[in-house]
2 protein chains.
Amino acid sequence: MQEKDKNNTEWRILEAAKKVFVLKGKDGARMQEIADTAGINKSLLHYYYRSKEKLFHAVFRFAISVSAPKMFEIFSSGANSFNAIEVFISEYMDLLKKHPFIPMFILGEVSKKETHFVIDVIKNSGVNVDGFCRLIEHDIENGLLRKNINPKELLVNIISLCVFPVIGRPLLGVIIFDNDTAKYDAFLNDRKRQVTDLIIHSIATNYSNYQNK
Amino acid sequence: MQEKDKNNTEWRILEAAKKVFVLKGKDGARMQEIADTAGINKSLLHYYYRSKEKLFHAVFRFAISVSAPKMFEIFSSGANSFNAIEVFISEYMDLLKKHPFIPMFILGEVSKKETHFVIDVIKNSGVNVDGFCRLIEHDIENGLLRKNINPKELLVNIISLCVFPVIGRPLLGVIIFDNDTAKYDAFLNDRKRQVTDLIIHSIATNYSNYQNK
DNA sequence: GTCTATAAATTGATAGAC
DNA sequence: GTCTATCAATTTATAGAC
């Protein structure tokens with residue numbers, strides 16, 4: 001919400017819509033619940049956003065803009081792979097802690113890809129993987145990284161290890177952590193280091209190159 | 001469907017319900033579409049399953065029964081960790097290839113945990129992680145595995161690396177694999193080896209222990 | 001068991017007063 | 001801009017004929 005003079009009601013509607021849509025999904029969300037959450041009349045939703053579809057679009061764009069941020073820019077920085085990966089994992093886990101339900105929301109909506117709207121938003125989100133791939137290839141030539149590393153596979157591994165424990169929490173919490181919330185929080189808090197160590201260890205020609213960095 | 005004399009219609013309804021519910025989710029599924037898919041009248045859905053809720057329950061139970069199978073039993077086998085993990089990853093990836101949409105369906109429904117039904121089904125699914133943990137701890141004492149390994153973290157890592165590339169396919173396909181289906185299939189087909197190598201390499205005191213096994 | 005017809009409830013959207 | 005009242009469409013569920 002850039003402009004200060006933008007109506008307060010419009011902002012409250014969007015905030016409420018974020019909560020409801022992200023938690024219940026597009027199909028499960030109810031306009032009435034969004035209105036109640038915003039503390040305003042249901043008609044105002046249509047006054048400001050025309051339709052449920054349009055309101056959902058606004059929320060989805062927000063979700064993409066928050067989770068596909070300039071985060072990938074760090075891969076274009078001058079740092080070496082070890083440093084870049086460490087920073088990425090750290091910032092990404094922080095982001096997931098701040099918005100734990102957004103990844104599931106996005107994945108859920110993208111999975112039932114009825115429209116091309118979602119695809120377009122993602123394509124226009126500015127996410128670019130090339131910088132990361134170049135950085136990895138560069139450090140392979142340097143001899144810092146093993147030669148058989150595939151940058152895209154590596155990236156998928158990093159994202160998988162960061163995101164899945166968050167979106168799978170309700171399930172993993174039951175079958176692995178015995179529904180112990182505190183235990184799961186501790187597990188997630190320690191995750192930065194775990195993932196970083198696992199990844200770096202798997203790609204470095206010499207692990208001490210990283211530890212001494 | 002155990003009994004042979006069980007009505008054919010009931011079976012067709014359940015099959016159709018699986019398709020529609022798994023693809024569209026509980027909220028997005030329509031009884032009419034299920035009836036059309038089954039090629040029968042909509043009223044028969046209620047005749048056999050009383051309500052949409054009950055039909056959903058049947059589908060959810062099926063989804064759990066298929067994806068939380070006796071797979072974890074292999075961890076109780078006499079094999080060592082390396083072998084057990086390799087077999088688990090292989091069979092799990094095969095299962096994911098056979099039912100690529102079920103994990104997303106389960107996670108989506110568990111995430112919007114309105115009822116306690118889903119939790120109960122999971123708890124009663126027979127999934128047991130203790131065998132795996134004991135096996136790992138046993139091989140740590142053996143000296144096969146590094147001492148600082150946490151079995152539960154290890155298990156989460158394995159599952160994350162296997163499942164996320166499948167449920168995240170629509171998203172990763174766009175941002176990483178440029179919407180190239182063939183490329184993504186190749187990536188997934190190579191995944192067994194990739195995940196196994198990464199995991200084993202990260203836990204073995206001596207990687208040759210595994211390669212010579 | 002299977003169908004048609006219809007009820008009953010929900011929900012997105014609009015009209016119009018203020 | 002915000003509200004009340006209401007429409008129109010959708011959708012789950014049931015009643016009853018065959």
Side-chain angles (χ1 to χ4, degrees), chain A residues 1-62 105 108-109 112 114-115 117-118, chain B residues 1-62 105 108-109 112 114-115 117-118:
Chain A
M1 197 63 32
Q2 325 283 15
E3 317 125 62
K4 290 177 182 175
D5 52 355
K6 207 155 197 177
N7 195 309
N8 190 19
T9 301
E10 187 175 351
W11 182 80
R12 288 176 63 185
I13 290 175
L14 191 57
E15 287 301 302
K18 288 175 190 173
K19 289 182 193 165
V20 177
F21 270 119
V22 168
L23 237 55
K24 309 254 173 120
K26 182 183 171 185
D27 295 324
R30 295 288 164 254
M31 295 294 268
Q32 185 62 60
E33 187 179 353
I34 295 174
D36 293 344
T37 304
I40 50 96
N41 190 280
K42 195 178 58 165
S43 302
L44 291 179
L45 301 184
H46 292 91
Y47 177 79
Y48 284 100
Y49 288 91
R50 290 281 300 174
S51 67
K52 182 183 181 182
E53 188 79 6
K54 294 253 174 50
L55 185 52
F56 166 75
H57 284 183
V59 172
F60 188 79
R61 268 190 295 266
F62 158 79
F105 167 68
E109 300 305 329
K112 18 186 184 325
E114 302 154 10
T115 72
F117 164 76
V118 286
Chain B
M1 195 66 28
Q2 326 281 13
E3 316 125 61
K4 289 178 184 174
D5 51 355
K6 207 154 197 178
N7 195 310
N8 189 20
T9 301
E10 187 176 351
W11 182 81
R12 288 175 63 186
I13 289 175
L14 191 57
E15 287 302 302
K18 287 176 191 173
K19 289 181 193 167
V20 177
F21 270 119
V22 168
L23 237 54
K24 309 252 174 126
K26 182 183 170 184
D27 295 324
R30 294 289 165 254
M31 296 292 269
Q32 185 62 60
E33 186 177 354
I34 295 174
D36 294 344
T37 304
I40 50 96
N41 190 280
K42 196 178 56 167
S43 301
L44 292 179
L45 301 183
H46 293 91
Y47 177 79
Y48 283 102
Y49 288 92
R50 288 283 299 174
S51 67
K52 182 183 180 181
E53 188 79 7
K54 295 252 173 54
L55 185 52
F56 167 76
H57 284 182
V59 172
F60 188 81
R61 269 190 294 266
F62 157 79
F105 167 68
E109 299 304 330
K112 18 188 184 324
E114 303 152 9
T115 71
F117 164 75
V118 286

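Each chain gets a letter, A, B and so on, in the order its sequence line appears, and its residues count up from 1.
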Taking [atom1] from [X] and [atom2] from [N], how many angstroms apart are they, rounded to a whole number?
X: A/Asp36; N: D/dC3; atom1: CG; atom2: C1'; answer: 15 Å
X: A/Glu33; N: C/dG12; atom1: CD; atom2: C1'; answer: 15 Å
X: B/Ile40; N: C/dT2; atom1: CD1; atom2: C1'; answer: 9 Å
X: A/Tyr47; N: C/dG12; atom1: OH; atom2: C1'; answer: 19 Å
X: A/Ile13; N: D/dG1; atom1: CD1; atom2: C1'; answer: 11 Å
X: A/Glu10; N: D/dT2; atom1: CD; atom2: C1'; answer: 15 Å
X: A/Leu44; N: C/dA15; atom1: CG; atom2: P; answer: 16 Å
X: A/Ile34; N: C/dT11; atom1: CD1; atom2: C1'; answer: 12 Å

Ring-plane angle category for A/Phe105 and A/Phe56, please: parallel below 30°, perpendicular beyond 60°, tilted otherwise.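 Plane angle over 60°, so perpendicular.
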Ignoring backbone atoms, establish whether B/Tyr48 has a side-chain N or O less than 4.0 Å from OP1 or OP2 of C/dT2.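 Checking B/Tyr48 against C/dT2: at least one side-chain N or O falls below 4.0 Å of OP1 or OP2.
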Treat primed atoms plus P, OP1 and OP2 as sugar-phosphate and everything else as base, then score nucleotides 12-18 of chain D 5' to 3': B for base contact with protein heavy atoms under 4.0 Å, S for sugar-phosphate contact only, - for none. BBBB---
Option among B/Asn41, B/Ile40, B/Leu45 that satisfies the side-chain contact (heavy atoms from CB on, under 4.5 Å) test with B/Thr9: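 In the set B/Asn41, B/Ile40, B/Leu45, the residue that makes a side-chain contact (heavy atoms from CB on, under 4.5 Å) with B/Thr9 is B/Ile40.
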In terms of side-chain geometry, is the basic nitrogen of B/Lys18 or B/Glu15 positioned less than 4.0 Å from the acidic oxygen of its partner?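 Answer for the salt bridge query: yes.
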To the nearest 0.5 Å, what is the distance between CZ (B/Arg12) and OG1 (B/Thr37)?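 Those atoms lie 11.0 Å apart.
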Quick one: OG on B/Ser51 to CE on B/Met31, what's the gap to the nearest 0.5 Å?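 B/Ser51 OG to B/Met31 CE: 7.0 Å, rounded to 0.5 Å.
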Assess the residue pair A/Phe117 and A/Arg61 against the criterion (side-chain contact (heavy atoms from CB on, under 4.5 Å)); give the C-alpha distance rounded to whole Å, side-chain angles, the decisive distance to 0.1 Å, and a yes or no. CA-CA 10 Å; A/Phe117 164 76; A/Arg61 268 190 295 266; 3.5 Å; yes
